[in-house]
Amino acid sequence: MSNGLEDVVAAETILSDVDGLAGRLIIRGQPLDALTGYASYEQVLALLWDGFFADLPEDLTTPLANARAAVYRVVEREQSLLAELPVYDGVRAVMARLPDDTDLETALLLTAAPAVALPAAIRLQAGKRPRAPQLGLGHAADMLSMLGDVAADPAPAAALDSYLVTVVDHGLNASTFAARVVASTLAGLNSSALAALGALKGPRHGGALGPVLDMLDAIGTADKAAAWIENELANGRRLMGFGHRIYRVRDPRADVLKAALERLTRSGAVDTTRVELAQQVEAVALAALKRHKPDRVLATNVEFYPALLLETLGFPRSAFTAIFAASRIGGWIAHAREEAANGRLIRPKSLYVGPVPRVAA
Ligand code: COA
């Protein structure tokens, strides 16, 4: 038995490769740093979905914009749900209203769902009316336009696009595995997406983004970082934004997102004191983790800098995991299609360690 399925190879994929020793991520033949900042989310979707849908257009910008408009009609009907539920649960409820087929139209609607439901939920919970999507905008720019009261500037839209591209796919992580398990039963894409959404929610997966900011808030100023961190570790708590099951070096996504945050800083849109605090906390945390677990490399992971990036873009921390889902949905769909084409039901075994029935004398 392998606890946590560590080192178990459970799928062949052409979609992404995570090399934890070299700190390298390949998305369908492209190194991550050739995509982030260079390709749009729609272009990366087309790359990932190539071959999995018979009628896939080269440019998904307009089809995805049309899907956002269709999802907005669902959002308008579900306003009370989005106003009441936590953001993540509201997004999941809207998604559950969409079809459960395996065609391109379903894939586009599912991809549009978090991007549209999430800004609507944030606005409704702040007592504002949702804003409709705009056909002429790219996916990231439209998300910001639906969130804010005015159209987004190019720099924030580019930063959000960088985030969406960077976290779109990452090997056989927990949520992607959940999506593939469901797809192997030949259920529809929505069933896979909903299973994956459930897996992403936990703090050991996509739920660490908000707690990274909670940690910065609790620390307050750089001079308090060392004592606060030592106290956390001494009490057996984990530092959010550090450590990874696969990477034994720094997560390459942390670097490209740190660079995206720096680009945003140069555009003047960022509170630099907050970024400086984060950099100082990162340095103290890395040194403390090295002392705490000398045999294990615990480096900065993908959650640390995006937390600051998303905060700067105006998203409340309660929405962070849903934004992660708004990106990863593209990867889940590709993996679900790949797994369904494989044709073999995923059905591992368990080791029974419970009581055995008494044999009558
Ligand atoms: N802070 C403190 N200690 C940590 C740690 C962290 N962030 N991450 C791992 N450790 C410790 C573990 O407690 C474990 O100690 P133990 O052997 O005494 O129990 C040891 O390091 C080895 O852990 P590892 O096997 O590498 O962790 P994992 O593969 O089970 O978990 C994570 C990986 C991501 C779940 C884990 O690093 C974590 O919880 N990080 C914080 C949450 C986070 O940032 N999540 C986002 C992931 S992208």
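All ligand and atom numbering here is 1-based and tracks the order in the structure. We count residues from 1, following the sequence as given.
Scanning for side-chain contact (heavy atoms from CB on, under 4.5 Å) contacts around Val284 gives Ala225, Ala226, Ile229, with sequence neighbours left out.
The immediate protein surroundings of ligand 1, defined as residues with any heavy atom under 4.0 Å of it, consist of Pro203, Arg204, His205, Ala208, Leu233, Arg238, Leu239, Met240, Gly241, Phe242, Gly243, His244, Arg245, Leu289, Lys293, Arg296, Leu298, Asn301, Val302, Glu303.
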For residues 74-82, dump all side-chain donor-acceptor pairs below 3.5 Å to protein atoms at least two apart in sequence or in another chain.
from	atom 1	to	atom 2	distance (Å)
Glu78	OE2	Arg97	NE	2.9
Gln79	NE2	Glu76	O	3.4

Distance-only donor-acceptor hits, side chain of residues 8-15, under 3.5 Å, sequence neighbours excluded:
from	atom 1	to	atom 2	distance (Å)
Thr13	OG1	Leu15	N	3.0
Thr13	OG1	Glu338	OE1	2.7
Thr13	OG1	Glu338	OE2	3.3

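Between Phe304 and Phe242, the ring centre distance stays below 6.0 Å.
A salt bridge does not link Glu303 to Arg238: none of the charged side-chain nitrogens sits closer than 4.0 Å to a carboxylate oxygen. Taking a cutoff of 4.0 Å between a charged side-chain nitrogen and a carboxylate oxygen, Asp255 and Lys258 do not qualify as a salt bridge.
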